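Only one structure is covered here, and it is reproduced in the block below.
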Amino acid sequence: MASAGPSEPHDYTEGASAIDINAAFAHARRHSSYGSDSGQGAMFDGPGQESIPTSVSRMSYTEHGLAGRRRSREWSRGRMKSEESVGRTSRRMSTDGEVSQATEETRSDSEEEAGGSDEDTNHRGRRRRRSISPAPNRSSVFENIANLFSRGAGERRPSLSRRSSASSTRKSRRRSSDAGSEFALADEVNERWGYSSGEEDDGTESDGSHPFHSEIDYGSYPPSPSAGSHLPLFAADAIFGDEVRIDIDIPQEPLNPPPPGPPSRQTIYVPEEDNTFRFVGYEVIIWRQWLWRVCCAVTLGVVGLLGHWFPRVWLRCVVEEKAFRDIKHGCVVVESAHRDITLFPVKRLAYPYARSTVFPVSPAEADGRPQLLSRSDNGERQAILEDLHVVDYRYSRFALDVQTGLFGMIRDWRDPTWTGLQSIQNGLSQFVRHQRLILFGPNIVDIEGKSTISLLVDEIIHPFYVFQVASIILWSLDDYYYYAFCIALISTLSVVTTLIDTKKTIKRMREMSRFSCDVMVYTDGGWVERDSTDLVPGDIVNLSELRVSLFPADMLLLSGDAIVNESMLTGESVPVSKNPAKDDGIARWRDLKDAQGELAKSFIHAGTRVVRVRGALASDGTTTQPALGLVVRTGFNTTKGALVRSMLFPKPIGFKFYRDSIRFIGVLSCIATLGFCASAVQFVRLGIKWPVILVRALDLITIVVPPALPATLSIGTNFAIGRLRKLGIFCISPTRVNIGGKVNVCCFDKTGTLTEDGLDILGVRSLHRNVHRFGELIDNVHDLPSIHDRTSFLHALATCHSLKMVDGEIIGDPLDVKMFEFTKWTLEEGLIAGTGIIKGRSGSERRPAALVQTVVRPPGSAQFRLEDALKTGAKHAHFLELGVIRTFEFVSSLRRMSVVVKRLRSTSMEIYVKGAPEVMVGICEKDSFPQDYDDLLSYYTRRGYRVIAMVGKSMESLSWLKAQKMKREQAESNLRFLGLIIFENKLKPGTTPAIQTLRAAHLACRMITGDNPLTAVSVARECSLVSQAAHVFAPAFVHGNANTPMSKLEWSSMDDPSWKLDDYSLKPLPPPPHLTVAEHEVEYQDCALVVTGDVFRWMINYGPLETVQRMLVKTQIFARMSPDEKNEVVERLQTLGYTVLMCGDGANDCAALKAADVGISLSEAEASVAAPFTSRTPDISCVIEVIKEGRAALVTSFSCFKYMALYSMIQFTTVTLLYSFASSLGDFQFLYIDLFIIIPIAVSMGRTLPYPRIYPKRPTASLVSKKVLASLFGQIVITSGVQIWTFFWVRRQDWYHTPDADPYGHGAHLKATNFENSTLFLVSCFQYILVAAVFSIGPPYRKSMWTNGWLMASVTGLSLLNLLVLLQPPKPLRLILELMPLPFSGRAWIVVFALTNVVVSLAFEQWATQFISQVIGVLMNLHLEKKRYREGKAYKAVEGGMQR
C-alpha cells in the first residue's frame, strides 16, 4: 500500500493491505448499486468512485425507439390485448406472413464470494416477435424546398392500442448472488428523489439484442402504398405537403407476389428513429430504358418529368423486381411508412475482407479482425468479399449480406473481440483502421450540400415552376409578351430567393453539425496525431490531449474521469460525471443498441461539451496515465448524428387545410373544363381555327389555377413568423404556425416552465430535542441543534450529494448545490484526500484508485496535517473533516441516493440517505419518525414546496474494506430519520395570467411533470390550472402494481379519501354523508383527475379502452412522469383528435416537444432546435402569442386562398363570356389586373395583426366546412351574376354596336377592343377589390381591416385608380388598356353595378353565410356524426359521454 500524498498523510483505509483493497474494489464493482459482474480491472481502470448518473440516455436514440422500452412480456400481452379491441382501426405494418425476428438477451450473473475469481456474464439469446409502431412527428428545416403539389394523403394517428406506451412496463431484473438479491433494478421510471423533479434521469437497462436480425423482417411483406403521386425528393411541403391528422387508415395497394428465389423485398424497422421502411430491389431492363429515353426525347422531356414526379410510373415502365444479390445495373427503392418512395443506386465498394468484419457472427466463427481468408463453421476456408454492396439512405449505411441476401445496418455492427479492457488495450493496427474507414466512412456529421446548378434544376422541375414555365410559353405564343415577361421576372426572383435561402439553411445546418479536430490515436503500438475525421470504432484516443471543447465521437471512457455538459443533446446544462468503463461494460456494449444503465455513466456522446477531463492519479496526486477513450460510434451513427437526422428527415406533419386546398383547385379545374367545353362549341360554330381553340383552352387553365397561388398562401405565415421574431419567439417550421391556430389543449412542464428554474431552501425541519416531534423551521444552518449522536443532520447535508469541484467552482445538480451552500462548508475532491496504489492480480500491474471520493470541512477548519495524525486527543473541532468513502448513486426507481461517510479519527462510519420522503418509510425504523411526520409532510407538499428527507445510521467498527464490500440493501436498511429539507419553487410571474387567459378561451390545460402529485396539484391550483373549488381525484393500486395485468385501481378524492370515483366510468360516486355537496350538484367541470406515471402505464397496457379514453380527456395533471411517458401522453392525446401544444424547458421535455403538433422550448440550449418554436421569454406567455399568431395566420391563409380562388373565378367568368363571341382580355388588361390589383392586395391582406384576445372557438382548418363553402360559392354566384347582368345590359344599350366580324386582330390573338370587353373589365376591376374587403376577416381572430394600413391604402388607392379609369381615363391609359369610349350614362351605371355588388356581397357575408351554413349543417349532421370518430374527434364523444 503506498502512502498517501504529502498534503494528506491520513489513511482512510485504516491499514487495509493492498490485496484487501484490490479485492474490495473488485467486489464493489460486482455489488454496486446497479452494476454487474466484472472481470479483474485492467490497465485502463480508473478511480473507483461513483458519480451522478448521466441524463443523456433519455435523449439517446434507442430510448426514443422501442428497443429499450418493449422488453417485458407483460407489455406484449397488454398490447396484444389492447390491439384486439381497437386493432381494426390500426394501420397494419405487416401482413399475416410477415416474420419478425428478434433476440432478447437474458443474463445469468453468478457472483463469487469475497476473494473469489470473477466469472463472465453469460448471454443467451431468445427469439420473440417485435411489433412496430409509428413515431411522433418532426419538423423540417428544408420546408422551402417543398413538394407544392404532393397529393398523397397524410396519416392520422394510429389507434389507441397501436400507439402502445413508449414507456411501457419494463421487467425488473434482479441479479442473483450468493449473499442475496441486490437493489439493482432496471425498472427506472426517471424520478428524482424528493417530491418533485425537473430533471429526471433515465438509467433504463434493456436486454441486449442481436444487432441485425432483431429489427429486420422478411418473408412476406406489408402491402405497398397506393399509387398516390409523390415527388421522390420533395416529401415535406410547406404549402401543400401531407401532414398529420389526415386519414392514415387509407388502405394500401398490395404489391404483386415477389419473384421466386432470393429475397427482393425487405422491411426494416429502425428503433432509434421508431421508423419502418421497405427495401425493394429492381433491375433496369436495357431495351425499356432506351425506349423510355426515346419517349422523353420525342415528348420534349414531358415523359421524363412525369417519371420524376411519379416514380412508380418509371418503375412500371423501365425496371423489374430483382433479388438484391442479383442486382447489376439496378437500384433499391426505399418506401417509407408515409408512402413516399425514393430510388437509391446500389454502391459497390472494393472490400477485400472477411464477412465477419461487416455482419455479426459468433466469436468462434471470426475474431472480428480483417482477414483475407476466414473459416466457416464446417472448417472450410471461405473466400474474401471482393466487394460490398451498400445503400446509403438518409445518412445511414445498409450493407448486403450475400449469405442471407438481406441488408443490415452497419451502425449495429459490434466487434466480437470486445470482451473486456484487456481485449482493446492495444488499439487498432493501420490495416484494421483502413478496413473500418471503408466500412463506416469518415467520422464527420457533414450534411450533403448540393451545388447551385443541382438546386436550380430541382427547383425548376418542381411542378409549380414547370406550370409557370408552360404558362409563360403559352402567353408568349398568344402574344402576351409584356405579361409573360413580368411573370417570368417574378418567377426568376422567386427561384433566386429560394436558392439563396436554401443555401443559407444548408450552410447553417452544416456549421452547426460539422466538427473536426486533431486527436492522438493509439495505432500499431504508438501514439499518432490524426484528424478526428479519420477515427473509426475501436480507436483509442488520448482525451487528456484534447485541445477542443467538444468530443469528436461517441466513446467509452477507459481511464481517468470526465465531467461533460450534455445540453447539446438534452437541453439540460447540469454537468454530468463520467467514470471509467469496466470489463463487463465493454463486453455488454457488443449486445446493446445504445448505452444504458451503468454503461451510460461511462459513455461520452459526440458533440457534448468538455467541462473537465482528468487522467488517472498516482499516490502523490500526479497524473500517471492520461484519460483514454474507446471510439464506439462515428459520424451519423453517433447520438449527435441521430439528432441531426431527426431534423433533416422529420416525420411529415399534416394539416387539413393544405389537403383541401389541392382538392379545391381540382374542383376549380373541373369548372374550367366545363366552361371551356361550352366555349369550344361556340368557337367551332364561329369557325375559329383549331390551334387557336387549343391555345384558348390552355390559357383558361392558367386563369383558373393562378401561378401566384402557392406564394400568396404563405404570406400570412411569413408575416406571423416575423411578428413572433420581434417578440423573441423563433420558428424553424413555418407549417407549425398555421397548426398553432388549431391548438385545443396546452401541456406544460412544471419546474422551469410554470415555476422558476432555481430552487431556494426555505429551511430545514429537524427533530425536537425533548419531544418526539419536529422542531421549528430553521433557515440558518447555525441554528441547527447539536446532536450528540454520531449521525448528524448537518453532516448529512454536507456529504449526501454528488458534487464536484472544477476550477474552484462547485458543480452538479442544482438542488445538491443549494443544499451544500446552505451548510456553508467547503468541499474538496478525492485528489486532495489522497490516493493509493492497488496491485493487480498478476502482481506486476499497478493502478491508482481514490481512497476517498470527496472531503468536506466546516468553515474555518484547517487542513489536516501529518503531525495531527500523531496526536492522541480525540476531539479537535477545528480539524473536523468528513470523507465520503463510497457513493450509492441516485436510482430513479428507488428515488434515493446514499453515501458512506468516515469522520476523521473516528472508529465508526456513518451512512446517510437522501430521497423522496415516501420511500423512507420502508428503509427506516418506525420509531424514528416523529409523531407529526405525515401531517407536516402533507402541509408542505399541499402548498407546493419540494420536500427531501434525510436519514442515516452509524456503523461501529465499519472499516474501509467492509464499506467497499457492502451491498446497497445492507447500507439502506435500519436507518434513523434525521429531518426534512424544504425547497421553495415559486411560480413565474407570467404563469397565472397566461393560464387564466388560456382557460378563459376554453383551451384545455394539462400539467405533465415528474413531480409529486400533491405538489403538482398545489401548483396547479395556485396558477389556476385547476379551479380552487374543483374536486381532485387520484388513483392508487389497491391490488397489484403497475406490472400486474389484474391489478385494481381505486380513485379517491385528495381532499376526502372517502369520496370515490367509479373505476370504469370515472364518474363521481355519491358523496359521503358528511360532505355538504349533493350528488346532483357535482358538475362535469367540477372534477379533475391527477394520474401518476405508474398508473398511466398500467392503464395504457391493461386498462379498458373506454376508461383510458376518459382518463386522457379528464386528467389535468400527469405527475411522476418520465420523459418517455411525457411523450406518450402527448401522443395519446393526439390519438383522440386533440391538436396538442407542448411547452417545456429541459431534457425531460425533448421527446414531447418533438411529438407535439406545436412544441415550444423555453430553453436556449442547442437542443431547442429540435422544437418548432424557441422562446427567449422564459415564461409561458409565449404560448398565448403563438396561438394568437397561429389563428391569425390560419385565417389569413383562408382569406388569401378564398381571395385567389374568387379572383380566378371572376376572371374565368369574364373570359368565358368574351369567348362566347370570340373575344378575350388584352395583354395589358391581364397585366393591370394581376400586377396592379391582385399582388398589392394579396400581400397587404396578410399584414392584419392578430386580435388581442383569444376567442373561445377555434377557426376552421377545413376548406370544406359549411361556412367556408357557403361564403365562397355565394360570392362566386354574386360576382358571376353581376358580370352576366352587365354583359347582357351593355348589349341592350342604344350606343352599343357589335364588334367586327373578323375576330382576329393579329395572328391567333383574339380581339379585345369591344364594348363587352370594356364593361366586363371595368366591373371586374371593382370586384377584385371588393372581394378583398369581404374576405378580410377581422374579429374574433384578427383585428379589423381598418387597422391594416397597408390594406386600406391598397384598397383606397386602387378604388380611386379604377374610378379614374372608368370615369375619366387618360387617353394613353385608355389606348393601352384597349378600352372603348363609353357615354357618361354607361359609366354611371357601371358605378351603380359595382356599388350594388359591394352591398350584396357584404350583406351576404355578414348574414346569409351563417344561415346557409346552418342549413347545410342540418343536412350533413347525420353523415358527420357517423364519421366523427374516424375523423379524429374522439375526444368530443368521450366528453359527451362523461357529461351524460
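All figures in this text were calculated on a predicted structure; none of them were measured in a lab.
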Minimum heavy-atom separation for [X] and [Y], please, with both atom names.
X	Y	result
Leu1272	Leu1206	O-CD1, 4.3 Å
Ser1401	Leu1330	OG-CD2, 3.7 Å
Pro1172	Gly1159	CD-O, 3.3 Å
Ser1354	Pro1240	OG-O, 3.9 Å
Ala994	Ile1184	CA-CD1, 3.6 Å
Ser1336	Ala1332	OG-O, 2.5 Å

In Å and rounded to the nearest 0.5 Å, what is the [atom1] to [atom2] distance from [X] to [Y]?
X	Y	atom1	atom2	answer
Asp1157	Lys742	CG	NZ	11.5 Å
Ile1329	Asn1397	CD1	CG	12.0 Å
Ile739	Leu1194	CD1	CG	10.0 Å
Leu1358	Leu1364	CG	CG	12.5 Å
Ser1413	Leu1269	OG	CG	10.0 Å
Leu1363	Leu1322	CG	CG	10.5 Å

Close side-chain approach of [X] and [Y], heavy atoms under 4.5 Å:
X	Y	answer
Leu727	Cys1182	no
Arg723	Pro1250	yes
Val1331	Lys1202	no
Tyr1328	Ile1233	yes
Ile703	Phe1230	yes
Asn1362	Tyr1232	yes
Cys1325	Ile1237	yes
Val1195	Phe1198	no

Distance-only side-chain donor-acceptor flag, [X] / [Y], under 3.5 Å:
X	Y	value
Ser1324	Gln1211	no
Thr1213	Ser1280	yes
Asp699	Thr702	yes

With no hydrogens and no angle check, is any side-chain donor or acceptor of [X] less than 3.5 Å from a backbone partner on [Y]?
X	Y	answer
Ser1208	Val704	yes
Gln1283	Ile1210	yes
Arg1342	Ala1192	no
Thr1356	Ala1353	no

Under the side chain to side chain contact (heavy atoms under 4.5 Å, CB included) rule, what do Lys1267 and Thr1260 come out as? Steps first, then yes or no, please. CA-CA 9 Å; Lys1267 192 170 183 179; Thr1260 181; over 6 Å; no

Heavy-atom neighbours of Lys503 NZ exceed 12 at 6.0 Å: yes

Atom CZ of residue position Phe730 - does it have more than 12 heavy atoms of other residues, nucleotides or ligands inside 6.0 Å? yes

In sequence, state the C-alpha distance, the side-chain angles, and the governing distance for Leu1379 and Gln1229, and then conclude on side chain to side chain contact (heavy atoms under 4.5 Å, CB included). CA-CA 9 Å; Leu1379 298 177; Gln1229 288 177 331; 3.9 Å; yes

Could you give me the CA-CA distance, side-chain angles and deciding distance for Phe1173 and Leu724, then say whether side chain to side chain contact (heavy atoms under 4.5 Å, CB included) is met? CA-CA 10 Å; Phe1173 295 90; Leu724 287 173; 4.0 Å; yes

Side chain to side chain donor-acceptor pair (under 3.5 Å) against Thr1409, all qualifying residues, sequence neighbours excluded: none

Between Ile1180 and Ile995, does the side chain to side chain contact (heavy atoms under 4.5 Å, CB included) criterion hold? Intermediate values first, please. CA-CA 8 Å; Ile1180 63 171; Ile995 293 294; 3.7 Å; yes

Matching residue for Thr1248 among Asn1348, Thr1347, Thr1196 - test: side chain to side chain donor-acceptor pair (under 3.5 Å): Asn1348

Check the orientation of Tyr1207 and Tyr1203. Use parallel for under 30°, tilted for 30 to 60°, and perpendicular for over 60°. parallel

Can you name the salt bridge (charged side-chain N to carboxylate O under 4.0 Å, His left out) partners of Arg1247, sequence neighbours left out? none

